[in-house]
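Shown next, in structure tokens, is the structure this report addresses.
Quick caveat: nothing in here was measured; it's all calculated off a predicted structure. Each ligand, and each atom within it, is numbered from 1 in the order the structure gives. FYI, side chains are in, hydrogens and waters are out, and symmetry mates aren't considered; it's all heavy atoms of this structure.
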Amino acid sequence: MVNKKDLLLLFDHPTEPVFMDKGGNGTVFEMPDSFLTERYSRVSKNVQTRVSGEGKPKIFVKDITIPDLSFPESLKRNQSFSLFVKSHRQMAGYLIEVFTKLPSVDDLLSVAVYARDRVHPVLFHYALSVALLHRPDTQGLDLPSFWQAFPGRFVDSAVMQELREESFVVQSPGDRRPMVIPTKYTSSDLDPEQRMWYFREDIGVNLHHWHWHLVYPTETSPGADRRIVEKDRRGELFYYMHQQLIVRYNAERLSNYMASVQPLNNLDETIAEGYFPKMDSLVASRAYPPRSDNTRLSDVNRPTERLRVGIDEMKRWRERIYQAIHQRFVIDTNNKRIPLDEVNGIDILGNMIEANALSPNQMLYGNFHNMGHVLIAFSHDPTNKHLEPAGVMGYVSTSMRDPVFYKWHALIDDIFQEHKKILPAYKAEDLSFRDIDVSSIQVESRGQKNRLTTYFKESDLDLSRGMDFQPRGNVYARFTHLQHHPFQYNIVVNNFSGVQRYGYVRIFMAPKFDDTGLPMVFANQRLMMMELDKFVVMLPPGQNTFTRNSTDSSVTIPFERTFRNLDSNRGARNSPEEQENYFCGCGWPNHMLVPMGRAEGMSFDLFVMVSNYENDRVDQPRMDGCSDAASYCGIRDRLYPDRKAMGYPFDRVPRATATTLNQFLTSNMQTVEITITHDSTIDRLPALTN
Ligand code: CUO
């Protein structure tokens with residue numbers, strides 16, 4: 001029997017042949033000759049002797065009958081794989097089904113080894129990751145992060161070249177220098193959008209987005225286990241997680257004296273913002289195509305990807321979606337009306353607009369969001385005349401790098417907000433918690449009250465597992481990212497009821513002033529509320545004081561977990577505690593929890609609400625280790641741990657009498673003004689001197 005951990009070696013060096021050494025210690029798979037591809041069948045044994053040899057670990061791969069893989073194999077390995085392309089999603093769905101239905105881990109290893117050199121490397125990585133996340137016998141595995149396998153999707157191609165040189169020339173890994181990823185390298189100061197480099201091009205931000213889509217696949221093959229797609233409130237989470245991305249992006253824009261992002265409403269207009277990624281796709285060995293300023297979208301017709309979408313079609317779908325929202329129902333494929341009610345409406349719309357396999361009627365409502373990515377991703381070569389692959393908007397691991405991502409998702413969010421606008425406002429009694437008063441809140445960081453500080457910091461990443469066809473051994477890229485000093489919330493809650501209660505503490509924050517410098521109108525400010533944390537507290541009668549650390553946020557995962565084998569602390573690798581931490585990779589990166597703020601300080605309203613946990617709780621078996629970033633990611637294989645609508649209490653238009661945040665407050669809520677100051681000193685790692 002193989003150890004399920006052996007499966008993880010298949011993620012190493014994804015474009016090298018499967019018989020090459022894995023795991024950095026010369027481990028090789030011993031497989032039946034029939035599993036080898038024709039190209040290397042004659043030489044594989046000699047190569048294995050060279051790269052592994054006597055005494056090195058070997059993993060025996062059982063000879064079994066391999067299921068038909070011709071469908072996923074039909075995507076050539078040197079093309080690009082995109083989750084926004086339906087035929088690619090279907091191939092992934094097919095392969096996921098093959099992987100999940102195999103009766104044992106041994107069989108899974110055999111089929112995965114066989115498939116690895118035959119299907120597209122990114123398709124393989126995605127399908128095997130989804131299968132390992134869902135098979136009961138592969139739970140608890142520490143899946144490697146996507147950047148480890150495909151660093152070229154996160155790192156400047158010039159740095160990738162330097163890393164290749166370093167690993168080839170400097171034999172001893174201990175002597176290798178980290179290569180520095182420059183900041184602001186994708187455009188000059190002439191481009192105002194460049195100011196957002198640290199958000200759009202942050203490795204952790206892009207990893208979060210990749211991981212979210214990995215946890216929430218859009219497709220399975222017909223007749224397959226629907227549970228892979230059919231997760232609790234999945235459509236609503238699509239809306240909410242992406243809404244929060246826009247909210248956070250806008251707070252960063254405001255920090256940089258920029259107006260909020262404008263939705264891409266007019267599909268006939270040119271897109272002012274170009275984007276030149278300066279990255280090579282490792283798999284296709286081609287550069288990611290850029291998009292010039294003022295590019296106009298055109299109908300896409302690319303037979304190789306079985307892609308055909310017209311701008312007229314997009315407009316028709318959008319009209320029908322708006323019509324459904326205003327009529328308050330959608331029509332399913334049996335011509336039956338499904339109401340868009342207060343509880344399920346947003347979830348149905350999320351599935352329908354994304355669009356995923358749960359959409360009630362793809363014929364009528366189309367494939368709006370995915371096809372928006374496609375139209376933009378292929379705007380440089382809509383008919384494949386130049387044989388160019390998709391731009392960064394075509395991949396969940398890179399789309400957040402492009403300014404147009406936010407314009408597209410702002411448009412998507414506007415559609416969801418149209419539905420939310422129609423729902424009745426929460427009445428004061430829907431919001432209050434009788435006999436519970438939040439009497440004071442305060443934030444503390446390094447002895448300072450209600451003042452937070454951000455700065456830039458350098459960190460190192462070991463990219464060796466994804467450096468294919470290179471000498472082995474660690475090789476580091478050094479990157480710069482936003483960071484803040486950790487802080488804590490101090491919250492005082494009075495319970496006048498005389499009995500013990502449980503409260504759900506909900507913490508949000510939004511800028512106090514808008515882009516013109518005027519106090520934010522509450523109707524707009526509620527749409528700028530970013531969730532910072534949510535947790536349960538026990539409230540004995542009387543006064544209760546709570547402290548909560550920013551590092552425990554229900555939105556984020558720790559820096560170390562975002563990057564897995566991040567090696568800034570090179571000695572402590574693979575300790576048991578660290579391994580436990582690596583369990584699950586979905587979650588907003590903690591280093592991006594709060595926006596940058598401004599050098600002179602920027603004012604935010606911090607909001608705390610304590611709602612009645614008895615009304616909000618969801619009863620279910622104990623949560624596993626993947627539960628601590630539940631706000632944006634849910635909990636693996638469990639119900640979303642809050643009965644309220646996502647974004648509550650700011651997800652609906654406020655009641656008529658609440659025209660300011662203060663008027664909105666009931667006694668179980670409180671706000672405080674906090675200031676975020678950006679310190680321009682960069683926290684650098686010591687320079688290495690060889
Ligand atoms: Cu995550 Cu459009 O869904 O990028």
What are the polar N/O contacts of ligand 1 with the protein below 3.5 Å, with distances?
residue, atom, partner, partner atom, Å
ligand 1, 3 (O), His213, NE2, 3.1
ligand 1, 3 (O), His242, NE2, 2.9
ligand 1, 3 (O), His369, NE2, 2.9
ligand 1, 3 (O), His409, NE2, 3.4
ligand 1, 4 (O), His209, NE2, 2.9
ligand 1, 4 (O), His373, NE2, 3.2
ligand 1, 4 (O), His409, NE2, 3.2

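In this structure, the side chain of His380 engages the main chain of Pro389 through a donor-acceptor pair within 3.5 Å. Side-chain atoms of Asp347 come within 3.5 Å of backbone atoms of Gly235 as a donor-acceptor pair (strictly under, hydrogens ignored). In this structure, Arg135 contributes its side chain and Phe99 its backbone to a donor-acceptor pair below 3.5 Å.
Under the 4.0 Å criterion applied to side-chain N and carboxylate O atoms, Asp268 and Lys315 are assigned as salt-bridge partners.
Counting heavy atoms of neighbouring residues, nucleotides and ligands inside a 6.0 Å radius, atom CZ of Arg643 exceeds 12 of them.
Listed by chain and residue number, Phe146, Arg153, Phe154, Trp210, Tyr395 satisfy the side chain to side chain contact (heavy atoms under 4.5 Å, CB included) test with Ser397 (two or more places apart in sequence, or in another chain).
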